[in-house]
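Okay, structure first, notes after.
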Amino acid sequence: MAVSGLSVTKIAGGSWRWTWTAGTTPYRVVWRGMQVAAGLTTEQWEWYGSDLLEPPAIEVLDAADGEALTEAIPPYLTLQWRGHDNAAAYRVERYVSSAWTTVGQVTESGQGYYRWPTPDLVDGETPIYRVIAVDLLGNESTAVQYTGTLICYPEPPVINMTYSGGTLTVSARA
Amino acid sequence: MPDAFAAADGLGLYMTGVETDASVYSPDTSLGGVRLVHAVAPLRWYVEVARYGNVVVQAVSGACGEGTAYIRATATGSLAFTAPGDTEGSAVAIANGETKLLTSGGSASKWVRVTRTSATAFPVDSYSTGMVLSLVKPYSNLLGMPNVSHADRAAGLSNYRAAMLWAHGGLDVTSVAVWIRTLGTQRTSDGTQLSGAGSGTITTTGSLADWPTAGYCRVSNSGGTLKEIVYYTSRTATSLTVPAAGRGLLGTSATAGANTDLIDAVPGIRIGWEAPATADYTIQAVATSTTAPSGITWSTGITSATGLTLATLSAWQSYGLWIHRQIPAGATASHRIENAINLSYVVAGVTYTSTISGLYAMADTALALYRLYAGEDASPTFASPVATSATLPLTHALAAPGAGTRDYRLVCRYRNAYGLESFNLFERSIKINAAGAQVNSPLSEPDGVTLTAKSGGYVDLDATYYGSRDDTPGDTWRVYATTTGADPVVGVTSYTDYPMRNSGNGVGVSTVRSMWGGQTYVLSRRLGPYAWGTDLRVLVRAVRSSDSAVSSNTTATQLTVVTDSPAPVAWPEMFAGDEAGVQQTGAYVDTTTTIHAGSNTRIRQLPGESQFLCGSTLIWRATWTESTRGILYVPNGWALVEDDTAWGAGAGDIEYVAGPPVVIYLNVGGTRRAKIDVTNLTISAAEFGLGDVALTDCVSDGAYAATGTQLLFQVWDGILGRWRACVALSSAGRLSTMPAVWQRRS
């Protein structure tokens, strides 16, 4: 379960310390769907030396029962396919602006299964990808297409806050 | 161990379709017709570690459940399977080209079907986990059905899908049962119950903590007989809120509840059999996914006894299974809603069980909001926002306190149409007084304070201040620096202020630069030079001059100075290939210009270097290493002193005074403009600087040259064959190098 009482303070440039109310140890920290720390036994965790302006939005989970779903929703999709050894490589393309654009390549290595994580996507985005096997002579297979919708936790909004005459205004930061 | 498609793998669920369709079949077109070859996978597998390139996973049983599973080679030709949370099953020999069933240790219903695709021997994994699979429930499969749009959610929606059970192992499958899988712990509605119609609340003295936060509730009497299926839009730990539109779903009617009723969390589906036509083994096909099939007897039973049953499914035979999903109008959006069914069946006298799940998401565009949370003199609790808006800007009135000040701590989050909200904690602080004016709003501290070692004991200080964080940004850098090995102490350690905005005067040395770009300010300053081993500690704060507000940071950045320029190479030589040496033009290899014979004050010329000495005391070394770089080295222990003292008229260009103390004046136009105290190891001038005075190159030959307005110290450039000025003293008393830097050496 997610811990309660989570708070963050700045300890240095690009560095922050989170603290929380004691729960069931050990704790683990999840950021953008990835576990970045585990086995914590004290109610404190620090993040050092980033170039972020604000602390990252993390989730701290304890060992109590209950499924926390945030960690299951990273902000990217992963393509997986089964390869074959008469291919030399697999070309990954994305459909952008009415055209297919090569965005990655995976070399055939005999390992059988291959994965290609997309770059971080925006919540709600529906990208279209395809994978094409290519042999040493450049012959290409039929493309296998992937379409999916990413539903994940939104990133913190990038905003400014200003105060004037009794009114707070939250606006998008340029 | 059994081969594939036998035992627990003796029954499969497959999609349906129309054989004439040449397009790719999909769950969304599984609307009846014939049984297709595409199985409905109860779980999908994500290959975390592809340990064996010649092992293909064909299927995983739903009984395994979500989690991490392993396929391990126990021998060069044998594999064993471990379902999530289970023990390893027996090893199964598998030859090239074979497909086998691997069963987990704890249950025969937990299995994986794999194929070996080459004769390559498996690397035996005695201690590793082998092939690692992450088993997950699938989205939008035949059972989950498509995501629900905002419009369909608001209006309500019914979808239908058709699948076929198939005894695909060539064995009879008996005692087949299919029923709705519950999603939480059964409770009794012993608190409050629904009336015979309309909205209401169901409460229990038990706990609903493991129920979905919104979903479907099956109400049955104490004997288990179905009374009604309702939809609850929200719940607490003990209560379900049921709107009027959530009454009487999935073929039931609104019925008054009783305090002995049993309540179960169920998915919003019902199921029904259809026997295929004997002639062609097809079932009816509906035109669209929202078209109800005819003649189906629907079941919402949640046990094997009350669900669908089939005594015998003969070998190779199929049987139709319809699924109806009903979304009531105004259902609650969610990113993860589950449909699930259980199966049990007997193959060769052994009973097996399975589960098939499908997930879908449901959108509500009204949920997509910026949400402002506020705490007063404390962090916000995020219980409920004080203001929301679908777009920015968002405005909110901040009430002034009756007296004193009130510190509003503000966090803005964003929630999407599926109810997922960002979970940032970063607070902005706005403090207002009783008059509603903002007071002493704190300043953010500078970011990215770094100290970078440069040659010759210099250190570059860089920092960034993001003014956009503060409603009224700072405008001044405040730099504290110590070399004592202790952090600067605010209020004790002296500091220097520098404006964040470029003054724009363009005159003089600018060692602080600020960039205007989105309210971002950059500090870049060269400190030093410091002696080797100096423990430099620097604290940088932001200051707002309008109210003297200062950022509160106290953490210093530290650097131990360990840089020093190497001495220039000596005795440069040039050869024409390996023939005769080429003499450098007019090389002044080692000459001395005497300033004062009695004290042996002199300037000694070496290749590319000039040393200013008084007896055995080195005053400085001036070097010229390339056309744009000269360096003046001052020995450790000497101090550079800014001194505006008028020393009066002087004699000559370089004037020795015996003292004590022993002093050498540097004169410009007959006036003493700099003072070198050899006894006390100080060099005094009105100003010290780098590169701000245009020096005249090669005024005349010699270790030094004087014009009416400058005294130039020069070094011999053996490459260019001429004297090059590297140090200048102006008539204003500014002692500087061009364009070199001052360096202090040990």
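Throughout, a chain's letter reflects where its sequence line sits, starting with A, and its residues are numbered from 1.
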Find the one option among [options] whose heavy-atom pairs under 4.5 Å with chain A are most numerous.
options                                : result
B/Tyr370, B/Tyr139, B/Tyr46, B/Tyr52   : B/Tyr46
B/Thr120, B/Asn54, B/Thr117, B/Val57   : B/Val57
B/Thr450, B/Val136, B/Thr381, B/Val56  : B/Val56
B/Val55, B/Thr554, B/Asn553, B/Leu372  : B/Val55
B/Asp210, B/Thr391, B/Asn147, B/Ile432 : B/Ile432

In Å, rounded to the nearest 0.5 Å, how long is the span from [atom1] of [X] to [atom2] of [Y]?
X        : Y        : atom1 : atom2 : answer
A/Ser164 : B/Ile430 : OG    : CD1   : 10.5 Å
B/Leu133 : A/Tyr113 : CG    : OH    : 7.5 Å
B/Leu420 : A/Tyr153 : CG    : OH    : 5.0 Å
B/Glu427 : A/Met161 : CD    : CE    : 10.0 Å
B/Ser334 : A/Ile151 : OG    : CD1   : 9.0 Å
A/Leu168 : B/Gln438 : CG    : CD    : 9.5 Å

For this session: Looking only at non-hydrogen atoms, find the nearest pair between A/Ile58 and B/Phe423 and report the distance.
Result: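 Answer, listing the atom of A/Ile58 first, then B/Phe423: O-CD1, 3.2 Å.
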For this session: Please report the shortest heavy-atom distance between A/Ile159 and B/Arg428, naming the atom on each side.
Result: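 Looking at all heavy atoms of both residues, the shortest contact is O-NH2, 3.2 Å.
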Exercise. What part of B/Tyr418 is in contact with chain A, defined as an atom under 4.5 angstrom from a non-hydrogen atom: side chain, backbone, both or neither?
Worked result: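 Contact with chain A is through the side chain of B/Tyr418 alone.
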Exercise. B/Ala400 versus chain A, heavy atoms under 4.5 Å apart: side chain, backbone, both or neither?
Worked result: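 Neither; nothing under 4.5 Å.
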For this session: Select one option (side chain, backbone, both, neither) describing which atoms of A/Thr169 are under 4.5 Å from chain B's heavy atoms.
Result: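 The answer is both parts of A/Thr169.
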Problem set entry | chain B contact via A/Thr78 - which portion, at a heavy-atom distance below 4.5 Å |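 Contact with chain B is through the side chain of A/Thr78 alone.
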Exercise. So do A/Pro157 and B/Asn424 actually touch side chain to side chain, heavy atoms under 4.5 Å?
Worked result: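 Counting from C-beta outward, B/Asn424 and A/Pro157 do come under 4.5 Å.
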Exercise. Just wondering, do A/Pro154 and B/Asn416 contact through their side chains at under 4.5 Å, heavy atoms?
Worked result: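 Yes, side chains in contact.
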Problem set entry | B/Cys412 and A/Val170: CA distance, side-chain angles, deciding distance, side-chain contact (heavy atoms from CB on, under 4.5 Å) verdict | CA-CA 8 Å; B/Cys412 182; A/Val170 181; 4.0 Å; yes
Exercise. Can any side-chain N or O of A/Gln80 pair as donor or acceptor with the backbone N or O of B/Trp45 at less than 3.5 Å?
Worked result: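 Pair found, side chain donor or acceptor close to backbone of B/Trp45.
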Exercise. Does A/Arg115 reach the main-chain N or O of B/Glu48 with its side chain, forming a donor-acceptor pair under 3.5 Å?
Worked result: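 Yes, because the side chain of A/Arg115 sits within donor-acceptor range (under 3.5 Å) of the backbone of B/Glu48.
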